[in-house]
There are 2 protein chains.
Amino acid sequence: MDLGPTSYVVLGMLALGPRSGYDIKQLADVSTRHFWAVSYGQIYPELRRLEGAGLVRSEDASRGTRQRTIYHLTAKGKQVFNAWVGDPAIKKLELRDEMLLKLFFADAMPRKDTARHLDAMSRRHHLLAEGLRAHEPMAANQPHRMKYEVMRFGIGLHEWCSDFYARLARDMEQGREAKR
Amino acid sequence: MDLGPTSYVVLGMLALGPRSGYDIKQLADVSTRHFWAVSYGQIYPELRRLEGAGLVRSEDASRGTRQRTIYHLTAKGKQVFNAWVGDPAIKKLELRDEMLLKLFFADAMPRKDTARHLDAMSRRHHLLAEGLRAHEPMAANQPHRMKYEVMRFGIGLHEWCSDFYARLARDMEQGREAKR
DNA sequence: TCCTTCATGTAACTAGTTACATGATTAT
DNA sequence: ATAATCATGTAACTAGTTACATGAAGGA
């Protein structure tokens, strides 16, 4: 049984407290989403796999006819999760940005189009930062410092990107050369 | 025939001049790699697909028994590529960082382990920035400004990340609270 | 001689997304 | 009524990685 990062998202969310697959998805969407997105198509099968491996256990929490299954970590699950968290091994980092790809090839474009492109990129990152800031208070009002810091990382990162593109757009508009 | 970002990496590299699949891979590894990685397993089949669609054309460039196939853009290929480059539509941005995931869940770890973790992350990003800086002169000594700017983006981004983690590690070491 | 780079390719696999299906409950 | 949210799930698909295989040319 080998576990990938997505498995640990599931285990980690359950380490915070018992919850359903639906809950895990909602939580992930407002927390880990910006650096590790997960979908239902992964979560539900993964929960079953983890249960099969004895890392989580399910219990029925249906109210009336409304079905609901709550999962919680087993002792083994907690141990496996802690081992992963504590392991300082450097794991892969992946970035995929189609806009940046266009920018890379933008020398073939008229300057005006490039400027418009840069504006769009700057706005995109600003919006992403804003989106994160929207649940900043929520992150601040809970006792887990790292969750808050990771959110600040995301905000800071996207603001930095936004500024980079805005500055480049301005430089180009003013006909400033690239300083090499 | 629908083209994904990887198809455009291939087309884009050919727009810079005719080259082989091998060449495309080498070039991508020192340029687009940090925001769009490609592998042989994608490139070779993609070249055939693009040729089938009439966007590229191949010619044999074997020297003696040493085989080599060079591809170049057709007029149609150039047109399709330019249309993509010029289209300002905002496309998906994806980040996946397992270390950040660990950090997110690090509240369960002893502070000492978290500090070690932060150091490792800071170093990782510093190394990535250094790696990019290694081919900065190459990027500077060619007439395509955007390729140089995208490289500077990568260097700046990773330096920013490195600094963020280093500062956080220092703050925690000094017992400084998170400012909320 | 042997190692590295040049050069091409595929098969099997892994991970993740999307679209769809179902149906109950709660709020407007 | 009806729209939104709660809740679970799967099948088909898409994209990308890894491991392997082959072999020539060039440099140490």
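Numbered from 1 within each chain, the chains take letters A, B, ... in sequence-line order.
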Reading 5' to 3' through nucleotides 12-18 of chain C, protein heavy-atom contacts under 4.0 Å coded B for base, S for sugar-phosphate only, - for none: ----SBB

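- Using cut-offs of 30° and 60° for the angle between ring planes, the B:Tyr165 and A:Phe153 rings count as parallel.
- Note on A:Leu128 and A:Val150: same hydrophobic cluster, where clusters join Ile, Leu, Val, Met, Phe, Trp and Tyr whose side-chain heavy atoms are under 4.5 Å apart, directly or indirectly.
- Residue B:Arg19 contributes atom CZ, which lies 13 Å from atom P of C:dT8 at whole-angstrom precision.
- Taking atom CG on A:Asp23 and atom P on D:dT5, their separation rounds to 16 Å, with Å as the unit.
- Using a 4.0 Å cut-off between charged nitrogen and carboxylate oxygen, A:Asp119 and A:Arg116 do not count as a salt-bridge pair.
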Evaluation steps, side-chain hydrogen bond (donor to acceptor under 3.5 Å, both in side chains), between A:Gln67 and A:Ser62: CA-CA 4 Å; A:Gln67 98 165 306; A:Ser62 302; 5.5 Å; no

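- Using a 4.0 Å cut-off between charged nitrogen and carboxylate oxygen, A:Glu51 and A:Arg49 do not count as a salt-bridge pair.
- Rounded to whole angstrom, the span from the CD1 atom of B:Ile24 across to the C1' atom of C:dG9 amounts to 14 Å.
- Listed by residue number, A:Tyr44, A:Arg48 are the residues of residues 44-56 of chain A with a heavy-atom contact under 4.0 Å to DNA chain D.
- By the side chain to side chain donor-acceptor pair (under 3.5 Å) test, B:Thr65 is found to be paired with no residue, residues two or more places apart in sequence or in another chain being considered.
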Show the numbers, then the answer: is there a side-chain hydrogen bond (donor to acceptor under 3.5 Å, both in side chains) between B:Glu46 and B:Ser7? CA-CA 7 Å; B:Glu46 187 63 26; B:Ser7 318; 2.9 Å; yes

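- Using a 30° and 60° split on the angle between ring planes, A:Phe81 and A:Trp84 fall in the tilted class, from 30° to 60°.
- Side-chain N/O atoms of B:Tyr22 include one lying less than 4.0 angstrom from OP1 or OP2 on C:dC6.
- No more than 12 heavy atoms of other residues, nucleotides or ligands shown are found within 6.0 angstrom of CZ on B:Arg57.
- In this structure, NZ of B:Lys25 is placed 14 Å from P of C:dT5, rounded to the nearest angstrom.
- For the residue pair A:Ser162 and A:Ser122, a side-chain donor N or O sits within less than 3.5 Å of a side-chain acceptor on the partner.
- Ion pairing of A:Lys25 with A:Asp29 is present here, as a side-chain N (NZ or NE/NH1/NH2) and a carboxylate O approach within less than 4.0 Å.
- Taking atom CG on B:Asp29 and atom P on C:dA7, their separation rounds to 15 Å, with Å as the unit.
- By the 4.0 Å N-to-carboxylate-O rule, A:Asp107 lies too far from B:Arg145 to be salt-bridged with it.
- Residues from residues 62-72 of chain A placing a heavy atom under 4.0 Å of any atom in DNA chain C, listed by number, are A:Thr65, A:Arg66.
- If you take CG of A:Leu27 and P of D:dA7, they are 13 Å apart, rounded to a whole angstrom.
- For residues 10-24 of chain A, every residue pair satisfying the salt bridge (charged side-chain N to carboxylate O under 4.0 Å, His left out) rule, not counting sequence neighbours, is listed here: A:Asp23-A:Arg68.
- Each end of the helix from C:dT1-D:dA28 to C:dT28-D:dA1 gets its own axis, taken as the rotation carrying the C1' atoms of four end pairs onto the next four within a five-pair window, and the two axes meet at 40° to the nearest 10 degrees.
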